[in-house]
Amino acid sequence: MKDSQTIDPQNIESVHYDVLVIGCGAAGLTLAIKLAAHTKVAVLSKGNFQEGSTWYAQGGIAAVLDDKDSVESHVADTIAAGGGLCHKDTVKFIVEQSKAAIDWLVDIGVPFTKAQNSNDFHLTREGGHSHRRIIHSADSTGKAVHSTLLDTAQSTPGLTLFKHHIAVDLIKQSDTGESKVRCTGAYVYSREEDRVKVFSARTVVLATGGASKAYLYSSNPDSASGDGIAMAWRAGCRVTNMEFNQFHPTCLYHPEAKSFLITEALRGEGAKLRLPNGEAFMHKFHELAELAPRDIVARAIDYEMKRVGSDFVHLDISHKSAEFITKHFPTVSKQCAKYGIDITKDPIPVVPAAHYTCGGIAVNQKGQTDLKNLYAIGETSFTGLHGANRMASNSLLECLVYARSAANAIRETLPNIPPPKQAPEWDESRVTDSDEDVVIAHNWDELRRFMWDYVGIVRTQKRLERASNRIALLQKEIHEYYSNYKISNDLIELRNLAKVAELIIHSAKARKESRGLHYSLDYPEMSETAVDTVLVPINHAAQACVIISE
Ligand code: FAD
Ligand code: SIN
């Protein structure tokens, strides 16, 4: 509800499901497919079905698939990359299930790349991994995985997919005799119908992806506005480690190229990072050079760009044969060719960009949040896997493993959850059409720019303080705007981005050390003790969700 509630049973736009899955990427679709045989499931996507990060994933999925590799080695690499903050039980839990997760994808038909003259899958390498363990579909793994999941979902009975449906806020209900409030659905804005509907469900799953669009330069699609994190926070859930936003070291630098990633697998196959004068530099920063964990590579590039006054550095794979390059990296080759770069001969101009949200909604190993019957899976969640820095290609794996584990928990609990009561309809009686949409566009740009400048790869307390002051002003303005005008997609996303930016700034200010992706010039040392930054919402009952009492 926006501000007040009026119930007119004649006029309620309500849809009832057993399970409402908000998000249609690898996490949401996997969970929905695993559940749908037993239940009535709705899956929402706020844009077209392909507009999540999953579709754009390039490198692949990390898993223990080679006889010479081991669970222990994958676990050790993940923990080493994570700067002392990974939850070991979670890492083990996920890595142990990596083979089963891949076997399932192979069973449903994902066309992974095979090794030359062999029936085995080709495994590539990326930063932080001590073995070749990344299974992939050339350099467009996300497209191969997502289209197979989508085809499977579309032919699964019991599962209904809704595109252009954006969840605005969660609905909660308190039952007599029950001490815990439960989640019973969401208010959902249908872009095509331009109205808000009630989606009621006995269980709700947030699978809304990350929040890297809080930054001016990002590898992510526009959908990555942290909606799930903001909704869960407003509903009273804890949010953890938001200061660890990962910057991918190599996005294409070209005035016309928006958000195009140059996969780390290029470095896995020997590509070198060089200054514009051709000099290699990564060996000065880490013994693994180009294959050091991402936080180190991104920071080294940032440092060298500032030192030599360049807007980019180069990534060079031209030492490999043209045949190898076009076979393994067809997407990168074609995309670069569009901008006149022949990667078989030319170095690629690259810059770091915001890429992945390591923090998120706190969940247990079943994906359960602090709010009863609300789950969170995939990039929106915080499981403890990534610690202070995610190792490459571990995120799709996390999506798959937690989707399965949450599906199992939901299947067990669903029979005992009574259907929800009718929630009040969305009240727009006191809002008008906006006559100043420029406010949204302006605030959106301002937010992403100061997050980039003040809460980026290298931080100081002073910069964080500046960001803090600005976010407070923006929050006030956005709240006012939200209370007075009809909602739209852009307004919903801006409101969420502002909330997530506030959580990132707050967490970054609280961390008085440098660890993994959080690097502060004021606190350059790493503390001896590793502690998560856990934010707890206060007074959450008074916030935007509706509480229905008997
Ligand atoms: P997403 O795939 O982002 O899906 C989110 C879904 O939620 C979308 O359907 C969106 O429409 C929907 N949504 C969001 N908000 C709302 C709302 N309010 N209402 C309704 N729906 C909503 N990871 C790897 O492991 N390997 C890789 O090789 C790799 N490469 C990457 C390359 C790129 C360019 C990017 C951007 C990321 C890459 N990652 C990779 C990270 C990985 O792709 C993501 O972490 C993962 O796909 C997230 O999946 P998800 O299901 O959690 O969310
Ligand atoms: C990449 O292909 O470089 C992205 C891999 C990831 O983000 O895990």
Side-chain angles (χ1 to χ4, degrees), residues 20-31 43-63 124 126-129 134-137 139-143 145-146 149-150 161-170 186-189 191 199 205-213 218-231 246 248-251 259-268 294 329 331-332 353-358 360 376-381 386 390-400 402-403 489 492-493 496:
L20 170 64
V21 183
I22 306 176
C24 174
L29 284 178
T30 302
L31 175 131
V43 183
L44 311 182
S45 175
K46 69 174 164 182
N48 286 325
F49 295 132
Q50 289 79 4
E51 272 312 298
S53 289
T54 300
W55 180 262
Y56 297 92
Q58 292 186 1
I61 310 175
T124 191
E126 290 180 330
H129 292 274
I134 321 290
I135 188 164
H136 60 105
S137 192
D139 61 351
S140 53
T141 308
K143 205 186 269 183
V145 169
H146 194 270
L149 287 172
L150 196 57
L161 293 143
F162 295 83
K163 61 178 148 182
H164 300 299
H165 276 65
I166 174 162
V168 184
D169 262 316
L170 298 167
Y187 289 107
V188 177
Y189 174 67
R191 210 146 126 188
F199 273 68
V205 182
L206 292 168
T208 45
S212 287
K213 276 285 162 177
S218 168
S219 65
N220 285 205
D222 290 342
S223 58
S225 51
D227 297 3
I229 298 172
M231 283 190 278
Q246 182 169 69
H248 194 290
T250 59
C251 280
S259 317
F260 186 71
L261 187 87
I262 308 293
T263 174
E264 190 158 326
L266 261 84
R267 279 178 281 134
R294 250 177 218 177
F329 305 111
T331 313
V332 173
H355 181 64
Y356 186 83
T357 310
C358 292
I377 51 172
E379 193 172 335
T380 196
S381 66
H386 309 303
R390 175 180 70 103
M391 190 165 68
S393 289
N394 262 351
S395 44
L396 285 170
L397 176 62
E398 183 189 46
C399 289
L400 298 167
Y402 268 69
N489 251 48
I492 296 167
E493 289 186 345
N496 292 332

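All ligand and atom numbering here is 1-based and tracks the order in the structure.
Residue-level proximity to ligand 1 for H146 is absent, since no heavy atom of it falls below 4.0 angstrom. In L396, neither the side chain nor the backbone holds a heavy atom less than 4.0 Å from any atom of ligand 2. The side chain of R390, and not its backbone, has at least one atom closer than 4.0 Å to an atom of ligand 1 (non-hydrogen atoms only; side chain from C-beta on). Heavy atoms of A57 found under 4.0 angstrom from ligand 1 belong to the backbone as well as the side chain. Looking at A392 against ligand 1, nothing comes within 4.0 Å, counting heavy atoms. Using a 4.0 Å cut-off between heavy atoms, L261 contacts ligand 1 through its side chain alone, with no backbone atom that close. In W55, neither the side chain nor the backbone holds a heavy atom less than 4.0 Å from any atom of ligand 1. At a 4.0 Å heavy-atom cut-off, ligand 1 touches D227 through the side chain alone.
Contact annotation: E264 has no heavy atom less than 4.0 Å from any atom of ligand 1. Residue contacts with ligand 2 leave out T141, since none of its heavy atoms falls under 4.0 Å from the ligand. Assignment of E126 to the shell around ligand 2 is supported, since a heavy atom sits closer than 4.0 Å. Using 4.0 Å as the threshold, Q246 has no heavy atom nearer than that to any atom of ligand 2. Under a 4.0 angstrom heavy-atom cut-off, G142 registers as lying outside contact with ligand 1. Contact between R294 and ligand 2 is present, with at least one heavy atom of the residue lying under 4.0 Å from the ligand. Assignment of S393 to the shell around ligand 2 is supported, since a heavy atom sits closer than 4.0 Å. Using a non-hydrogen distance threshold of 4.0 Å, I61 does not register as a contact of ligand 1. At a 4.0 Å cut-off, not a single heavy atom of T141 sits close enough to ligand 1 to count as contact.
Each of D222, N496, N220 was scored for a side-chain hydrogen bond (donor to acceptor under 3.5 Å, both in side chains) with K213, with one residue passing: D222.
Judged by distance alone, the side chain of S223 and the main-chain N or O of E51 form a donor-acceptor pair under 3.5 Å. Side chain of S137 to main chain of S140: no donor-acceptor pair is present (N/O by atom type, distance under 3.5 Å, no hydrogens or angles). Of the possible polar contacts, one joining the T357 side chain to the A211 backbone as a donor-acceptor pair under 3.5 Å is found. Within the 3.5 Å criterion, the main-chain N or O of G360 finds no donor-acceptor partner in the side chain of S381. Looking at H146, its side chain never comes within 3.5 Å of a backbone N or O of Q50 through a donor-acceptor pair. Judged purely by atom type and a 3.5 angstrom limit, S218 uses its side chain to pair as donor or acceptor with the backbone of A354.
The closest side-chain heavy-atom distance from F199 to L44 is below 4.5 Å. Between T263 and E126, the closest side-chain pair of non-hydrogen atoms falls below 4.5 Å.
For atom 6 (C) of ligand 1, the closest non-hydrogen atom of the protein is C24 N, 3.4 Å. Nearest protein heavy-atom neighbour of atom 3 (O) of ligand 1: S53 N, 2.9 Å. What sits closest to atom 2 (O) of ligand 2 on the protein, heavy atoms only, is T263 OG1, 2.6 Å. For atom 37 (C) of ligand 1, the nearest non-hydrogen atom of the protein is H355 CE1, 3.5 Å. For atom 34 (C) of ligand 1, the nearest non-hydrogen atom of the protein is Y56 O, 3.5 Å. Distance from atom 3 (O) of ligand 2 to its nearest protein heavy atom, with residue and atom name: E264 N, 2.6 Å. The closest protein non-hydrogen atom to atom 14 (C) of ligand 1 is T208 O, 3.3 Å. Among protein heavy atoms, atom 47 (O) of ligand 1 sits closest to T54 OG1, 2.8 Å.
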Can you check side-chain contact (heavy atoms from CB on, under 4.5 Å) on Y356 and R294, steps first, answer last? CA-CA 11 Å; Y356 186 83; R294 250 177 218 177; 5.7 Å; no
Evaluate side-chain contact (heavy atoms from CB on, under 4.5 Å) for H386 paired with E398, printing each intermediate quantity in order. CA-CA 10 Å; H386 309 303; E398 183 189 46; 3.0 Å; yes
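Taking OG1 from T250 and CZ from R267, the interatomic distance works out to 4.5 Å, rounded to the nearest 0.5 Å. Here the CD1 atom belonging to I22 is positioned 9.5 Å from the CG atom belonging to D227, to the nearest 0.5 angstrom. We find the OG1-CD distance between T124 and E264 to be 10.0 Å, quoted to the nearest 0.5 Å.
For ligand 1, the atoms lying closer than 4.0 Å to a non-hydrogen atom of S45 are 9 (O), 11 (O), 21 (N). Of all atoms in ligand 1, listed by their number and element, those nearer than 4.0 Å to a heavy atom of G59 are 28 (O).
Checked against a 3.5 angstrom limit, the closest N/O atoms of K46 and ligand 1 fall inside it. Taking any N or O of H248, backbone or side chain, at least one lies under 3.5 Å from an N or O belonging to ligand 2.
At a cut-off of 3.5 Å, with distance as the only test, a side-chain donor of S225 or K46 sits close to an acceptor on the other residue.
Evaluated by nearest non-hydrogen atom to atom 24 (C) of ligand 1, the leading choice among G378, A167, S395, A403 is S395.
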